[in-house]
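Note that these values count all heavy atoms, side chains included, but never hydrogens, waters or copies made by symmetry.
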Amino acid sequence: MSGAGTPGGRVLAVDLGSRRIGLALSDPSRTIASPLLVLERSRSAGDDHAAILAVAREREVATIVVGLPLSLSGRAGPAAKAAEAEIGALAEAAGAELAVVAFDERLTTVSAQRSLRAAGVAGRNQRTMVDKVAAAIMLQAFLDREAGA
């Protein structure tokens, strides 16, 4: 994986799922995370990575933060190992242009589902939103840690 990231520039968060990829974006000051969009998985991880990188370039992103689904104990199970391999492939595709880092995403999907439920979003609509909201929750945690909050 690439280094910790460029001090300036936006951060794009990526929540990898088996069917969908949630994306969230920071503001230019790297203070606030906002849900951005959900990409439907294609049949090719390479095409998925190209789509992520296209969004990153379009939005002038300096760092891509990818969720690492560790177990509650903090161990890397099969899902985390698969994510690590995909993060490595994404970092390779990004080259030196963008920093790609892994970040613990434990419980972000659960938090996103609770937030959407509390906001009155119906179950069917939740499915279309939960991935980008989970990415925003993870990104906000990353930004807060980066700022020392």
Query raised in the report: Is there a side chain to side chain contact (heavy atoms under 4.5 Å, CB included) between L25 and V11 once you walk through the steps?
Result: CA-CA 6 Å; L25 186 66; V11 181; over 6 Å; no
Which residues pass the side-chain hydrogen bond (donor to acceptor under 3.5 Å, both in side chains) test with [X], not counting sequence neighbours?
| X | value |
| --- | --- |
| D47 | none |
| S29 | D27, T31 |
| R20 | D131 |
| S34 | none |

Query raised in the report: Does the distance from a Lys or Arg side-chain N to an Asp or Glu carboxylate O, for R19 and E40, drop under 4.0 Å?
Result: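 Result for this pair is no, no salt bridge flagged.
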Query - side chain to side chain contact (heavy atoms under 4.5 Å, CB included) against E86, all qualifying residues, sequence neighbours excluded - result: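 If we apply the side chain to side chain contact (heavy atoms under 4.5 Å, CB included) test to E86, skipping adjacent residues, the hits are L16, R41, H49.
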**Report entry** Inter- and intrachain pairs under salt bridge (charged side-chain N to carboxylate O under 4.0 Å, His left out), touching residues 53-75, at least two apart
**Finding:**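 Non-adjacent pairs meeting salt bridge (charged side-chain N to carboxylate O under 4.0 Å, His left out): R57-E97.
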Requested in this report: Kindly determine whether E84 and L68 satisfy side chain to side chain contact (heavy atoms under 4.5 Å, CB included), including the steps that lead there.
Outcome: CA-CA 7 Å; E84 286 173 334; L68 187 61; 3.5 Å; yes
Query raised in the report: Hey, which of Q140, R145, M138 is the one that makes side chain to side chain contact (heavy atoms under 4.5 Å, CB included) with F142?
Result: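 The residue from Q140, R145, M138 that satisfies side chain to side chain contact (heavy atoms under 4.5 Å, CB included) with F142 turns out to be R145.
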Query - Minimum-distance pair of heavy atoms, taken over all atoms of A83 and G67 - result: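 That would be CB-O, 4.2 Å.
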Report task. Check the pair L139, L12 against side chain to side chain contact (heavy atoms under 4.5 Å, CB included), reporting the backbone distance first and the verdict last. Result -> CA-CA 8 Å; L139 178 54; L12 180 71; over 6 Å; no
Min side-chain heavy-atom separation [X]-[Y] under 4.5 Å:
| X | Y | answer |
| --- | --- | --- |
| D15 | V38 | no |
| V14 | L23 | yes |
| V101 | I64 | no |

Query raised in the report: Donor-acceptor pair, R30 side chain versus G9 backbone, under 3.5 Å?
Result: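 Pair found, side chain donor or acceptor close to backbone of G9.
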Requested in this report: Run the numbers on T63 and V65 for side chain to side chain contact (heavy atoms under 4.5 Å, CB included), then give the verdict.
Outcome: CA-CA 6 Å; T63 304; V65 178; 4.2 Å; yes
